[in-house]
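Here the structure comes first, spelled out in C-alpha cells, and everything after it is commentary.
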Amino acid sequence: MSILIDRSGNRFLLTAGNMSYAFEVQADSRMINLYWGAKLDRADDLPDAGDRQWHRHCPDRQLESSLQEYPAFYGEYYHECAFKAEYADGVRGSNFRFTGSRLQQKSDHELLEITLKEKNHPLTVKLFYRVWPELELIDRWSEIINDADAPVELENFASAVWQLPPAPVDWRLTHLSGHWGKEAIPDRIPMTPGKFIMESRTGLSGPFAVPYFALDSGDAGELTGEVFFGTLHWSGNWKITVERDSYDHTAVFGGIHDFDNRIRLTPGEIFTTPVFSGGWSPAGFSGASQVLHRYQMRHVLPPAIAARPMPVIFNSWGCINIHVNEENILRAAKLATRIGTEIFVIDDGWQHALGDWFPDPVKFPNGLRPVIEMVRSLGMEFGLWVEIESCELASDLYKAHPEWTMRYPGQAPFTRCRADVDRTSVMLNLARRDVAEYLYRQLHELVSETGIKYLKLDMNCFVSSPGWGDLPPDQQGRIWIDYVYNLHWIFGQLSADFPELLMENCSSGASRADLAMTRFFGRMNRSDNQDALDMLKLHEGFTMVNPPRMAGGACHISDSMYHVNHRTTPMQFQAYCGMLGSLACGKDLTRCTEAELAEIRSYTDLYKKLRHVTNFGDFYRLASHREHPWAAFEYVAPDRSEAVVFLLGGSMQFADAVPPLKLVGLKPDALYEITCYGEKAPEGDSERQFHYHPVSGRGTANVGIPAELYGDFDCRIFHLKEARP
Ligand code: DGJ
C-alpha cells in the first residue's frame, strides 16, 4: 500500500518510491502538512502538527496560515491563497470542512481523493493525490464543483500547494527562464522572506519561464543532496509562487494563472485544475531530473512513442527555408537517404497558406504525392510541418471565417507580420469549440491522406487580443483556459487516432515546454538556436525537466544558425551535440562533397549505434559548461551494462587539462571496455593519444576515465560496454 490512512481517518501517509508525504486533518477541518522527504515506514514517526512549527513564538493563528495543504481565503489568512471565490450572496471567504476521503487502487498507481465542503455555501472541492509506487513523485490537482443554483466567481484556483519541510538555512530556489534562442536557463537564488513568482502570460507556457521549481538547502549538487521539485502540466498562462513567510515556512503555490481569468462556475459546473507534480530526490539535481524523466517515459509520453528510439531526421528548414518546391525537395530527399535519414520532413512553406493545410499548387503542382512516393521508395518515412493556431489574411480560411479569429468586440484582430517569411497572420480563437473541431478534422485528414509518420506543430506568436469577438461581455468567458483545453483536446484526439505518429512540440523552440504537451508530443524543439556551443547550456536546462531523447529541433547538423552568434562550428562538434538528444540534419546536402556526405553518414550511424543507451538510459549532467570550458553528460543503460559519455569542449585555454571523468551508475564489479570516438592527438604530439583498457565500474567512479581536449570545439564520445566473460 502506498497510501496509509490511520484509524481515526484523519492522518494520511503517502509513500511514492523512496519518498513519503503526509498531512493531517485537524479537529477544525484544516488540512495541515506533516511531512515531505525520505521514506517513512511508520505513520507513528510523523510529527504532530504543532511540532512542525519552525518558530517558538509563532502565534497560534500563524499555524492556521502556514503549512496548509490547500489554504482558502478566510478569517485571518493573509498569505497566498490556493482558493478564493465570490459567492452569489457577496461572501468572499471560504471555510472548508473535511467530509471524507476515498482511496482507489488503479493498475499502476493509487489515488486519494479528499472531499471538502464549504460550510456556508453549496460548493465542493476535491483534492486529488496520485501516488506512483515506483517513483518519488506525486501528482496533485483539484476539482471545484458548484453545487448551488447560482454562479460562483473563482479568483484563485491553485492545483496544489507544496509545503517545504523546515530548513536550517534559506531554501535555495532553482528556476528556469530565458527567451527565444536561450530557453530554460537555470538560475539559483536564496529564498529570503517574501515571494518569488514564476509565470507565463503569453498564452503559451513559455518561453520566458518553465513551469518548474526545485528547492534545496543550498548544498545540493548534480549528484548529491536533497532536492524537492515540481512541475505544472499546463500549456497556457500559469503562475508558481514560492512564499517564505515571516516564520520561515516556505511553500510553493501553483496553477493556472489568475491574471485576466474570470472563471464563473455555473450551477452544477465542475472546474478541473491541471496536474502539479511534486517530487523529491536524495541524489541531487540529476537525481531529481531522473525522476521526472522516468515519470514521463512510463506515464506521460504516448506509450508507442516512448517505446521506440528517436529517428534520424532531415528537415528542410535549415537549408531551403520556405522556398520548398517539388524539384528541390526531390533533390534533397535523394541525398538525405544517403546520410542515413529515417524521417524526411518538409518544414514551413509547403502549404497554401497558414490556415489552408493543403499543398501550395504553384510549388507542388502535382500535390505531395510524387514527393511522398519518392521519399518512401528511398526507404524513409515522411513528415510535415504545420502551424494551426494562426491564419494568414490571404488564406481561404480567413476569407471564409473571419469570425473565427481572436479579437476584442468591435475591433479588428491583432495582426502579426513575420518579416523573415513575409507573412501577415492573425490568431484563430481556439477557445471556440467549432474552431478546434475544424482544426482537428483538417489535421486528421492531412495525416490519413499523406500517411505521414511525423508532424511538427509550430506556433510562432503569443496570444494577442484575447477576445471572443462580438459576444456580449458576460459571455466573453475564460478564453485563455478554454484555448488550452481545446488545444489539448485536438492533439489528444490525434494521438489516439494515430498512436504511432511522432509529433514534435516546436512552438518556435520550447515555448510550450510543459508536461501537458508531452502527453501527445514525443519530441520537442529544444531551441531554434542550434548553435552547437549554445546547445551545451541549452541541453543542461532542457534536461532538468525533459528526457534528453526529446531534445529535437530541425538542424543540429548545419550552419543555418550562423546568425545567432556569427559563429560556425566543426561538423563533428555539431553532430556530437545533436546526438545528446534526437539527432537532426538541416544542412544543404546539395553543396556537400562526397566526403562530407560520408562524414555525416558516419555520425548518423554512430547515433543509431548508441541510441539504445542515449534514448532509454539514466541521464547525468557530469560537468556544466557554465563552470568549465567543457560540458560532460553521461547516459547509463537501464541494466547498467553500457554507458555513453559525451565530453564537449568550447575553447580550451592555458594548456589546461581535463580531469579524468568520474562516472556514475555503473556496476562496481563489472569490467567495461571503452571505445572512444572523436579522439585525435594534436598535430606533432602523438604521445597524447590515450589507449583505453577495460576498467571496472568502481574504477570509472573513483579513478575516472582520462580524456583530453585541444583548442576549440573538440569533443569525444565514450562508449562503455560490459566485457562478457
Ligand atoms: C520556427 C521553428 O522553430 C523553426 O524550426 C521553423 O519551423 C520555423 N518556425 C518555420 O516558420
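Both ligands and their constituent atoms are indexed starting at 1 by order of listing. Numbers here simply count residues along the sequence, with the first being 1.
Every residue two or more places apart in sequence or in another chain that forms a ring-ring contact (aromatic ring centres under 6.0 Å, His included) with His488 is listed here: Trp234. For Phe713, the ring-ring contact (aromatic ring centres under 6.0 Å, His included) criterion is met by Phe573, not counting sequence neighbours. When the ring-ring contact (aromatic ring centres under 6.0 Å, His included) test is applied to His566, the partners found at least two apart in sequence or on another chain are Tyr562.
A salt bridge links Arg611 to Glu342: at least one charged side-chain nitrogen sits closer than 4.0 Å to a carboxylate oxygen.
For ligand 1, residues of the protein lying within 4.0 angstrom by heavy-atom distance are Trp317, Asp347, Asp348, Trp385, Arg418, Lys456, Asp458, Asn460, Cys506, Ser508, Gly509, Asn525, Asp528.
Under the 6.0 Å distance and 45° angle rule, Arg376 does not count as a cation-pi partner of Phe382.
In this structure the side chain of Ile240 reaches within 4.5 angstrom of the side chain of Phe276, judged on heavy atoms.
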